[in-house]
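The structure appears right after this line, and notes come after that.
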Amino acid sequence: MDDRAAMPSAEAGERLSWQRSTTPYANFLERFHDAYAAELSAFVEVAAGRADSPCTPAEALEALYIAEACERSRRTGAPVDVAAVRTR
């Protein structure tokens with residue numbers, strides 16, 4: 001199951017607008033509902049063995065390093081270099 005084909009993409013040559021909508025979203029969940037549903041669906045397909053993971057182990061590890069650097073920065077209030085997280 002691949003819903004990505006139905007989603008707008010810069011690679012597809014489509015024009016996307018970043019201008020403010022005349023009707024703003026009421027909240028975070030309303031704004032990101034479709035993205036969250038697509039991500040959850042993709043996760044279930046991979047977990048059930050019906051699809052390959054679109055993320056390599058190296059990409060997953062890099063995402064973890066970035067998330068850890070963000071968390072350290074949030075806790076300390078200071079910038080954290082991702083390279084410092086990789087060496088620990």
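All values derive from a computational prediction rather than experimental measurement. FYI, side chains are in, hydrogens and waters are out, and symmetry mates aren't considered; it's all heavy atoms of this structure.
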In terms of hydrophobic clusters joined by side-chain contacts under 4.5 Å, are Y25 and F32 together? no

Spacing of [X] atom [atom1] and [Y] atom [atom2] [to the nearest 0.5 Å]:
| X | Y | atom1 | atom2 | value |
| --- | --- | --- | --- | --- |
| E45 | L40 | CD | CG | 10.5 Å |
| Y65 | D81 | OH | CG | 13.5 Å |
| R75 | C70 | CZ | SG | 11.5 Å |
| E62 | T56 | CD | OG1 | 10.0 Å |
| E59 | L64 | CD | CG | 14.0 Å |

Do any N or O atoms from the side chain of E39 and from the backbone of Y36 form a donor-acceptor pair under 3.5 angstrom? no

Keeping S41 on the side-chain end and A37 on the backbone end, is there a donor-acceptor pair under 3.5 Å? no

Inspect the surroundings of CG in D52 and state if more than 12 heavy atoms from other residues, nucleotides or ligands are less than 6.0 Å away. no

Residue pair A78 / S73: nearest heavy atoms and the distance that separates them: O-OG, 2.8 Å

Check against side-chain contact (heavy atoms from CB on, under 4.5 Å), V80 and E71: CA-CA 9 Å; V80 174; E71 174 57 19; over 6 Å; no

Side chains of V82 and E68: does their closest heavy-atom pair fall under 4.5 Å? no

Do the side chains of V46 and C55 get nearer than 4.5 Å, heavy atoms only? no

